[in-house]
Amino acid sequence: MDGYMVHGILEDIAKTSSRTEKIAILGRHMSDPVFKRVLVAAYDPFVTYGLTPPKCVGAGPQSLTMDSKFWTVLEQLASRTITGNAARDLVQEWLLDVLDEPSSKVATMILNKDLRCGITAKSINKVAPGMIPEFTVMLAHKFEDKRIKTWPVAVEPKLDGLRTVIVVNDADVQFFSRTGKPFAALDHLAPVILATLNKARAVLDAPDCPLDEKRREAFSRMLGKHGLSVVLDGEGVAGTFNETTGALRRKSEAASDTVLNLFEVLPRRTFMANDVVPLPYTLRRAFAEWVLMHAPENGPLRLVSRYLANSPAEIQSFYQSFRDRGLEGAIVKPMSEHYHKKRHYGWMKIKAQETLDLRVIGAFEGTGKYEGQLGGLIVDHSGVAVRVGGGFSDEERVRLWERFQADDERGLTADPLTEAFATEAFAKGCTALGHLIEVEYHEKTPDGSLRHPRFVDFRDDKDDLWKEAA
DNA sequence: TGTGTTTCGTAGGGTTCTTGT
DNA sequence: ACAAGAACCCTACGAAACACA
């Protein structure tokens with residue numbers, strides 16, 4: 001197979017909107033080494049190339065085959081042997097002068113880490129299990145009380161930091177983000193983790209172990225039959241959210257003030273090899289409590305607290321008490337649910353929803369499938385221009401982009417961040433600019449912007465200027 | 001050497017379409 | 001008919017790496 005054929009197959013996959021059909025096409029070509037290499041190069045999340053390729057179409061002589069030197073170029077980019085302008089120039093040369101047109105297109109898509117045909121690692125792994133490495137953890141859905149079948153449910157505080165997953169295999173301790181990227185800034189916590197686990201192990205093995213035999217057996221298996229073999233899951237917190245992201249990503253120094261707020265201690269082999277760790281929350285919680293009993297007091301390892309709620313009202317009151325303590329929200333966990341390595345209703349989050357009515361001062365075009373449509377609206381939030389890019393339906397993106405462009409041609413001259421802007425927009429009959437929209441968001445950021453802003457609706461009804469005109 | 005830009009990563013917010021129950 | 005899965009848009013912000021004056 002060569003670049004021409006790969007490109008043809010990707011076009012076939014792009015053409016059909018049916019997922020089963022996409023997977024069937026993938027399956028027909030999965031045995032080809034070039035095709036496989038393209039898929040892995042594009043979708044392995046642990047390989048990145050450190051640049052955005054220039055938009056250019058090749059007219060060179062070479063096709064992308066197994067022997068192509070382009071694979072070497074990719075390796076050099078991935079290992080950052082070649083970076084910066086040198087990387088940019090080399091890539092441009094390959095895309096323009098070396099590779100032929102279809103191969104150049106495929107190469108560009110690889111560098112963009114997106115083959116533009118409606119597939120990702122999930123679909124590929126369905127056809128060829130394990131081909132694309134995936135690192136997944138359990139995530140929470142939004143809270144819905146109809147999901148609760150039995151009471152009580154566990155309610156835990158939700159902390160605002162970075163998800164941290166710690167893999168312990170004997171004396172080897174590694175720290176990962178929720179997507180499997182290493183957190184080297186936490187390596188200094190390995191000794192305290194090992195000490196805690198070893199202490200727990202010693203108590204289990206002692207003749208005067210306080211646990212009954214059945215429980216001792218179960219905990220012993222969960223801790224690892226031979227040596228230590230567990231995965232700890234929790235939230236790393238080092239100050240505010242921004243301080244935490246900074247500290248944990250920093251390579252130059254250890255994140256020494258980090259507290260690991262742990263909520264799971266899972267058997268490592270089961271975690272690594274399966275999509276589900278088939279142990280009920282109650283057992284996992286009991287095990288985590290018992291393991292972390294052996295952590296040093298007031299040290300960096302903490303077990304997140306847990307409360308039991310017997311009604312939706314009790315859940316809300318726990319949530320409110322967490323908010324009053326300055327915490328981000330609550331996680332609700334039905335007691336019999338297993339640990340699923342995906343977004344699952346076994347965990348449900350409750351978070352604050354704030355809303356504001358803000359004036360539209362601009363707009364921007366979308367990218368990808370939203371090219372030529374609205375990417376988002378820009379609003380004035382007490383002098384700070386905030387980009388609101390979520391919450392629109394596809395239809396609204398088309399309509400609003402047209403409205404904005406018509407407004408744009410009216411040639412507004414006032415400073416967008418002043419009161420005069422709305423007056424001028426009104427005088428010139430704008431249909432988007434100068435109007436109020438309701439924006440939902442998570443919180444105000446230290447810079448006076450909004451975290452996770454999304455569009456709700458136009459609110460001319462709340463705006464004297466436009467209300468009178470209507 | 002300092003300043004600005006790009007890339008990548010963290011966190012999160014959504015809509016749309018297909019498939020499975 | 002409804003839920004779940006998958007794909008793919010969008011945000012703010014920090015660190016690192018690089019470009020350029």
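Numbered from 1 within each chain, the chains take letters A, B, ... in sequence-line order.
- In this structure, the side-chain hydrogen bond (donor to acceptor under 3.5 Å, both in side chains) partners of A:Glu443, at least two apart in sequence or on a different chain, are A:Arg451.
- Across B:dT18, C:dA3, B:dT10, the shortest atom-to-atom separation from the side chain of A:Ser18 is found for B:dT18.
- OP1 or OP2 of C:dA7 has at least one side-chain nitrogen or oxygen of A:Arg19 nearer than 4.0 Å.
- Using bins of under 30°, 30° to 60° and over 60° for the plane-to-plane angle, the ring pair A:Phe135/A:Phe176 lands in the tilted bin.
- Nearest to the side-chain atoms of A:Phe364 among the listed nucleotides C:dG5, C:dC8, C:dC10 stands C:dC10.
- The aromatic rings of A:Trp347 and A:Phe263 sit perpendicular to each other, their planes meeting at more than 60°, with 30° as the lower class boundary.
- The phosphate of B:dG13 has OP1 or OP2 within less than 4.0 Å of a side-chain N or O from A:Lys351.
- For the pair A:Arg397 CZ and C:dC10 C1', the interatomic distance rounds to 6 Å; values are reported in whole Å.
- Between B:dC8 and A:Lys113, no contact under 4.0 Å exists linking OP1 or OP2 to a side-chain N or O.
- Checked against C:dC8, B:dA11, B:dT19, the side chain of A:Arg163 finds its nearest nucleotide in B:dA11.
- None of A:Arg306, A:Arg285, A:Arg284, A:Arg163 except one satisfies the salt bridge (Lys or Arg N to Asp or Glu O under 4.0 Å) rule with A:Glu264; the exception is A:Arg284.
- Counting any heavy atom pair closer than 4.0 Å across all strands shown, A:Gly246 reaches sugar-phosphate atoms only and no base atom.
- Taking atom CG on A:Leu450 and atom P on C:dA12, their separation rounds to 9 Å, with Å as the unit.
- A sub-4.0 Å separation between OP1 or OP2 of C:dA3 and a side-chain N or O of A:Lys146 is present.
- When rounded to the nearest whole Å, the span between CZ of A:Phe455 and C1' of B:dT15 equals 14 Å.
- Listed candidates were B:dT6, B:dC17, C:dC18. Nearest to the side chain of A:Thr52 is B:dT6.
- Rounded to whole Å, the distance from NZ on A:Lys142 to C1' on C:dA4 is 17 Å.
- Here the P atom of nucleotide B:dC8 and the CG atom of A:Leu111 are 10 Å apart, to the nearest Å.
- Rounded to an integer number of Å, the gap from CD of A:Glu144 to P of C:dA4 is 8 Å.
- Counting non-hydrogen atoms under 4.0 angstrom, A:Lys126 reaches the backbone sugars and phosphates but no base.
- Looking at A:Glu438 and A:Arg459, a side-chain N of the basic residue comes within less than 4.0 Å of a carboxylate O on the acidic one, giving a salt bridge.
- Put simply, A:Arg178 has a side-chain N or O that comes within less than 4.0 Å of OP1 or OP2 on B:dA11.
- As judged by a 4.0 angstrom heavy-atom cut-off over every strand, A:Lys349 is placed among residues touching the sugar-phosphate backbone only.
- A sub-4.0 Å separation between OP1 or OP2 of C:dC10 and a side-chain N or O of A:Lys369 is absent.
- For A:Ser177, the listed nucleotide lying nearest its side chain is B:dT10; candidates were C:dC8, B:dT10, B:dG14.
- Atom NE2 of A:His442 and atom C1' of B:dG12 are 8 Å apart (whole Å).
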Practice item. Would you sort out whether A:Tyr339 and A:Asp233 count as a side-chain hydrogen bond (donor to acceptor under 3.5 Å, both in side chains), showing the intermediate values? Key: CA-CA 11 Å; A:Tyr339 185 99; A:Asp233 189 359; 2.6 Å; yes
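- Nearest nucleotide to the side chain of A:Leu162, out of B:dG12, C:dA3, B:dT10: B:dT10.
- With C:dA16, B:dG9, C:dA7 as the candidates, the nucleotide lying closest to the side chain of A:Thr120 is C:dA7.
- A cation-pi arrangement is absent between A:Arg454 and A:Tyr441, since the terminal nitrogen or guanidinium carbon is not both under 6.0 Å from the aromatic centre and inside a 45° cone about the axis.
- The side chain of A:Thr83 places no N or O atom within less than 4.0 Å of a non-bridging phosphate oxygen (OP1 or OP2) of C:dA17.
- Within 4.0 Å of A:Asp160, counting heavy atoms only, lies no atom of the nucleic acid at all.
- OP1 or OP2 of C:dA12 has not a single side-chain nitrogen or oxygen of A:Arg451 nearer than 4.0 Å.
- The side chain of A:Ser393 has B:dT15 as its nearest neighbour among B:dA11, B:dT19, B:dT15.
- Comparing A:Thr445 and A:Tyr370 along DNA chain C, the residue whose closest nucleotide (by nearest heavy atom) sits nearer the 5' end is A:Tyr370.
- Each of A:Gly390 and A:Ser17 was assigned the nucleotide of DNA chain B with the nearest heavy atom; the assignment lying further toward the 5' end belongs to A:Gly390.
- A salt bridge does not link A:Lys113 with A:Asp44: none of the charged nitrogens is closer than 4.0 Å to a carboxylate oxygen.
- For A:Arg249, no side-chain nitrogen or oxygen approaches OP1 or OP2 of C:dA17 to under 4.0 Å.
- Residue A:Arg116 is classed as a sugar-phosphate contact, given heavy-atom separations below 4.0 Å to backbone atoms only.
- Looking at which nucleotide of DNA chain C each of A:Arg387 and A:Lys122 is closest to, the 5′-most match is held by A:Lys122.
- Each of A:Gly161 and A:Glu395 lies near DNA chain B, and the nucleotide nearest A:Gly161 is the one positioned closer to the 5' end.
- Using a 4.0 Å heavy-atom distance criterion, A:Glu243 is classed as making no nucleic acid contact.
- Comparing atom distances between the A:Asn242 side chain and each of B:dT7, B:dT10, C:dG14 picks out C:dG14 as nearest.
- The interatomic distance linking A:His141 (NE2) with C:dA3 (C1') rounds to 9 Å, in whole Å.
- Closest contact between the side chain of A:His452 and the listed nucleotides B:dT16, C:dT11, B:dT6 involves C:dT11.
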